[in-house]
Amino acid sequence: MAAAPCGRGALPLVLVAIAAALLTYNALLSSRSGLLPLASSSSFPTATAAAASSRRFGAAGSAGRPRPFHTAVTASGSVYNTWQCRVMYHWFKEARRAPGGGEMGGFTRILHSGKPDEFVDEIPTFVADPLAEGDQGYIVLNRPWAFVQWIQKAYIKEEDGRAAAFPFFYIEPEKNEKVLRKFFPEDKGPITKIDPIGNSPVIIEKGSLARIAPTWMNISIAMKKDPDADKAFGWVLEMYGYAVASAIHGVGNILHKDFMIQPPWDLEVGDAFIIHYTYGCDYDKEGKLTYAKIGAWRFDKRQYTEKPPPRNLPLPPDGLPNRIPQSVVTLVKMVNEATASIPNWDSYAAG
């Protein structure tokens, strides 16, 4: 079972938006074969997503044949979250239709609002209940509990092999050992057993996820209630929760830096599977990045928290020096391509 599959080879670049609520974990899945058809893929620490080729990451069957992945993404049901899920599902379908797309199996949006929304007929959806005690102002605290419910009730026919994940530079178990030992005592082993990962992007077999999910939920809730952990980990708290739960259950991860790139810092799409778009992309009239400051040209998903982006978002103007990274332009083109193709996008945006 993989959170969000794709791969290189013949597969096209795929836009995967991952969902949560305030920040969002968005991702693009790419292919070495190029951009199709234009040449083009959130974070709260949000949804679980994974992108990869089963052959590449050791998930092939005994006969060497590729095995399909199941794509799962959690969602809060907010406008901000929903438009990204719609774009994600559009690109998932494009990738599945492409040559080599047979590795992409089913897709599930795990909606943890507790009630169906108007898009359950557009996107395959499992409705999960939010935490009974509330999310404590941390919307993604609902995610592990949502996965517990889904794993218990859903039929998932796809099965992957070994776990694989992206190493995040800001997940630092050794640096935070004092706090983590509250949740990963010394009798569990060295702190280095905790991989520097979150729950997304991850490829994992469903049996392993079924073992991890309840522990991930309990540890995340315990961390949120612990002042030291809450202060140390902030919005990546449940990412640490997942990493600790994986270590407790002995699920090690093959770490792949080429899982994804992160514009505007990574400039080229290259061979990456995912474009993770959480950072704002702002540039001045000279084409210089003005990070954390609104530029003359920009793309920042947080502009669209209350209403979805309009169709045909502007690309960098012709007069702007050719210094806007390929990764950023590709991202905007893919959003535009999706919104142009999704039915009733305009009416949804006007709602």
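One is the number of the first residue; the rest follow in order along the sequence.
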Side chain to side chain donor-acceptor pair (under 3.5 Å) evaluation trace for N344 with R86
CA-CA 11 Å; N344 80 308; R86 299 182 77 195; 2.9 Å; yes
Does some side-chain heavy atom of W150 sit less than 4.5 Å from a side-chain heavy atom of I156?
yes
In the structure I gave you, are the side-chain heavy atoms of P167 and D195 within less than 4.5 Å of one another anywhere?
no
In short, side-chain hydrogen bond (donor to acceptor under 3.5 Å, both in side chains) pairs touching residues 173-191 with sequence neighbours left out are N176-Y240, E177-R181, K182-D226, K182-D228
First locate atom OG of S246, then atom CH2 of W216, and finally report the distance between them rounded to the nearest 0.5 Å.
9.0 Å
Non-hydrogen atoms of R109 and I123 that approach each other most closely
CB-CG2, 3.9 Å
Distance check, rounded to the nearest 0.5 Å: I139 atom CD1 versus E238 atom CD?
11.5 Å
Do K224's NZ or CZ and the ring of Y138 fall within the cation-pi criteria of under 6.0 Å and 45°?
yes
Run the side-chain contact (heavy atoms from CB on, under 4.5 Å) test on I191 and I194 for me, step by step, so that the C-alpha distance in whole Å, both residues' side-chain angles and the decisive distance to 0.1 Å come before the verdict.
CA-CA 6 Å; I191 206 71; I194 302 175; 3.8 Å; yes
What pairs with R323 under side-chain hydrogen bond (donor to acceptor under 3.5 Å, both in side chains), at least two apart in sequence or on another chain?
none
Can you tell if the side chain of D271 reaches within under 4.5 Å of the side chain of D258, non-hydrogen atoms only?
no
Side chains of K333 and V328, heavy atoms from C-beta outward: is any pair under 4.5 Å?
no
Return the CH2 to CG distance between W145 and N218, rounded to the nearest 0.5 Å.
10.0 Å
Look only at the side chain of T125 and the backbone of D121, and say whether a donor-acceptor pair between them is shorter than 3.5 Å.
no
For residues 128-141, which residue pairs pass the salt bridge (charged side-chain N to carboxylate O under 4.0 Å, His left out) check, not counting sequence neighbours?
none
Got a sec, which pairs hit salt bridge (charged side-chain N to carboxylate O under 4.0 Å, His left out) with one end in residues 283-294, sequence neighbours left out?
none
Could you please spell out the steps behind the side-chain contact (heavy atoms from CB on, under 4.5 Å) verdict for V79 and T305?
CA-CA 7 Å; V79 170; T305 56; over 6 Å; no
Fit a plane to each ring of Y89 and F92, take the angle between them on a 0 to 90° scale, and name the class: parallel (under 30°), tilted (30 to 60°) or perpendicular (over 60°).
parallel
Run the side chain to side chain donor-acceptor pair (under 3.5 Å) test on T74 and H112 for me, step by step, so that the C-alpha distance in whole Å, both residues' side-chain angles and the decisive distance to 0.1 Å come before the verdict.
CA-CA 7 Å; T74 57; H112 53 72; 4.7 Å; no
Side-chain contact test, heavy atoms from C-beta onward, threshold under 4.5 Å: evaluate it for F233 versus I171 and give yes or no.
no
On a heavy-atom basis, which atom in P190 and which in F184 lie closest, and how many Å separate them?
O-CE2, 3.5 Å
Just to verify, what does S208 make a side-chain hydrogen bond (donor to acceptor under 3.5 Å, both in side chains) with, not counting sequence neighbours?
E205, R211
How long is the straight-line distance from OH of Y80 back to CD of E306, given to the nearest 0.5 Å?
11.5 Å
No-hydrogen, no-angle side-chain donor-acceptor test under 3.5 Å, R302 and T278:
yes
Shortest non-hydrogen pair, P201 vs F168, comes out as CD-CZ, 4.0 Å
How close do A163 and N253 get, heavy atom to heavy atom, and via which atoms?
CB-OD1, 3.3 Å
Nearest atoms (heavy-atom pairs only) where P309 meets Y304:
CA-CD2, 3.5 Å
Please say yes or no: joined through hydrophobic side-chain contacts below 4.5 Å, possibly via intermediate residues, are Y277 and I294 part of one cluster?
no
By side chain to side chain contact (heavy atoms under 4.5 Å, CB included) - contacts of A210 (at least two apart):
I151
For F107 and K93: C-alpha separation, side-chain torsions, deciding distance, then whether side-chain contact (heavy atoms from CB on, under 4.5 Å) applies.
CA-CA 9 Å; F107 183 102; K93 291 185 294 183; over 6 Å; no
Does R298 have any salt bridge (Lys or Arg N to Asp or Glu O under 4.0 Å) partners at least two apart in sequence or in another chain, and if so, which?
D282, D300
If you look at every heavy atom in F166 and H256, which pair is closest and at what distance?
CD1-O, 3.4 Å
Residue list, side chain to side chain contact (heavy atoms under 4.5 Å, CB included) with P116, at least two apart or on another chain
V120, V127
Sequence-distant partners of T339, side-chain hydrogen bond (donor to acceptor under 3.5 Å, both in side chains), two or more places apart
none
Within this structure, what is the CG-CD distance for the pair L331 and Q326, rounded to the nearest 0.5 Å?
11.5 Å
Could you check if a side-chain atom of C85 sits within less than 4.5 angstrom of a side-chain atom of N81, using non-hydrogen atoms only?
yes
For W83 and W345, take the angle between the two ring planes, folded into 0 to 90°, and tell me which bin it lands in: parallel under 30, tilted 30 to 60, perpendicular over 60.
perpendicular
Approximate separation, where rounding is to 0.5 Å, of F69 CZ and R96 CZ
14.5 Å
Worked check of side-chain contact (heavy atoms from CB on, under 4.5 Å) between M223 and D230
CA-CA 6 Å; M223 284 182 172; D230 193 25; over 6 Å; no
Decide yes or no for F147 and I110: does some side-chain heavy atom of the first lie under 4.5 Å from some side-chain heavy atom of the second?
yes
Of all residues at least two apart in sequence or in a different chain, which pass the side chain to side chain contact (heavy atoms under 4.5 Å, CB included) check with K231?
none
Kindly list each side-chain donor-acceptor pair under 3.5 angstrom involving residues 261-270, sequence neighbours excluded, with atom names and distances?
unit_1	atom_1	unit_2	atom_2	d
Q262	OE1	H276	ND1	2.7
D266	OD2	Q262	N	2.7

Answer whether the closest heavy-atom distance between the side chains of M104 and P68 falls below 4.5 Å.
no
Partners passing ring-ring contact (aromatic ring centres under 6.0 Å, His included) against F119 (at least two apart in sequence or in another chain)
Y348
ILVMFWY network linking F126 to L111, side-chain heavy atoms under 4.5 angstrom:
no
